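These notes concern the structure reproduced below.
All heavy atoms count here, side chains included; hydrogens, waters and symmetry mates do not. Computed from a prediction, not measured in an experiment: that's the story for all the values here.
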Amino acid sequence: GDQAKSDSIGAYAFSAEGLTVILCTLEDRRVQFWDAQTGGRHQLDFEIAEEAEKKFSQCAVALAPNNSRFAASYAGVIGIWDRASPEGVGKPARVLSLEKLNPRASTITVHSLAYVDRLLVAGYSVGVLGVWRDQQGHMLGAARAHEGAIWHIAVASDGARFATAGRDGVIKVWRMGDRNPLRLLGE
């Protein structure tokens with residue numbers, strides 16, 4: 001089959017309908033879109049000027065369920081692009097950053113991203129789960145979810161529940177809007 005080849009793929013995600021694969025590369029800070037049927041590819045450079053000097057050891061990507069926008073994160077900054085916009089290539093339409101909310105957060109990185117019920121959920125290196133209204137650029141809330149980094153976020157087909165897996169070896173199942181997990185697996 002067709003292959004996405006890179007020496008430094010940091011993260012990838014499938015679109016909801018299974019037609020597009022999005023991935024981010026660490027070495028060259030690129031976001032790539034692959035057509036899962038034809039193998040066609042489109043890529044863009046991740047351009048956030050104030051983050052240009054940071055080392056990029058972690059990236060994450062997510063596609064909105066309706067494919068209208070996507071999110072990509074390098075270090076602790078999340079860029080949001082509108083796919084239908086001609087400005088979709090290059091600088092993001094919005095930038096979400098914990099550092100702008102708290103200057104002491106400059107060492108916190110994003111390890112995972114997912115869209116859940118029209119909101120963007122971010123898993124951070126310190127075990128915090130952040131919920132963003134990405135179209136306005138506002139953080140709605142944050143909760144301590146794991147001891148250590150949140151490595152993965154998976155969304156249930158109903159779009160209202162999601163699971164997080166952390167460095168602590170625990171999987172937690174959540175419902176959007178609840179501050180406490182519904183289920184703990186692996187404790």
Q: Decide yes or no on salt bridge (charged side-chain N to carboxylate O under 4.0 Å, His left out) for Arg94 and Asp82, but give the supporting numbers first.
A: CA-CA 9 Å; Arg94 286 162 302 290; Asp82 297 314; 3.1 Å; yes

Look up atom [atom1] in [X] and atom [atom2] in [Y], then write down how far apart they are to the nearest 0.5 Å.
{"X": "Gln58", "Y": "Cys24", "atom1": "CD", "atom2": "SG", "result": "8.0 Å"}
{"X": "Ile80", "Y": "Gln136", "atom1": "CD1", "atom2": "CD", "result": "11.0 Å"}
{"X": "Ile153", "Y": "Lys172", "atom1": "CD1", "atom2": "NZ", "result": "13.0 Å"}
{"X": "Leu119", "Y": "Arg133", "atom1": "CG", "atom2": "CZ", "result": "5.5 Å"}
{"X": "Leu113", "Y": "Ser73", "atom1": "CG", "atom2": "OG", "result": "5.5 Å"}

Q) Is there a path of hydrophobic side-chain contacts, each under 4.5 Å between heavy atoms of I, L, V, M, F, W or Y residues, that connects Val110 with Trp151? A)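 No, separate clusters.
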
Counting only N and O atoms by type, is there a donor-acceptor contact under 3.5 Å from the side chain of [X] to the main-chain atoms of [Y]?
{"X": "Ser112", "Y": "Ile150", "answer": "yes"}
{"X": "Asp134", "Y": "Gly137", "answer": "no"}
{"X": "Tyr74", "Y": "Thr25", "answer": "yes"}

Q. Hey, mind stepping through Leu19 and Asp35 against side-chain contact (heavy atoms from CB on, under 4.5 Å) and telling me if it holds?
A. CA-CA 6 Å; Leu19 299 177; Asp35 183 311; 5.7 Å; no

Q | Verdict with supporting geometry, Val121 and Leu129, side-chain contact (heavy atoms from CB on, under 4.5 Å) | A | CA-CA 7 Å; Val121 178; Leu129 194 61; 3.5 Å; yes

Q: Report, as yes or no, whether the 6.0 Å neighbourhood of atom OH on Tyr12 holds more than 12 heavy atoms from other residues, nucleotides or ligands.
A: no

Heavy-atom pair with the smallest gap, counting every atom of [X] and [Y]:
{"X": "Ala36", "Y": "Gly18", "answer": "CB-O, 3.7 Å"}
{"X": "Tyr115", "Y": "Pro65", "answer": "CB-CD, 3.6 Å"}
{"X": "Gly79", "Y": "Pro92", "answer": "CA-CB, 3.9 Å"}

Indicate yes or no: at least one non-hydrogen side-chain atom of [X] is less than 4.5 angstrom from one of [Y].
{"X": "Val31", "Y": "Ile22", "result": "yes"}
{"X": "Leu120", "Y": "Ile78", "result": "yes"}
{"X": "Gln32", "Y": "Val21", "result": "no"}

Q.
Angle between ring planes, Phe70 versus Trp81, binned at 30° and 60°: parallel, tilted or perpendicular?
A. parallel

Q.
Please tell me whether His146 and Thr164 have a donor and an acceptor in their side chains that are separated by less than 3.5 angstrom.
A.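 Per modelled atom types, His146 and Thr164 side chains form a pair under 3.5 Å.
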
Q.
Is a donor from one side chain sitting under 3.5 angstrom from an acceptor on the other, for Thr20 and Trp34?
A.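 Thr20 vs Trp34: no donor-acceptor pair found between side chains.
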
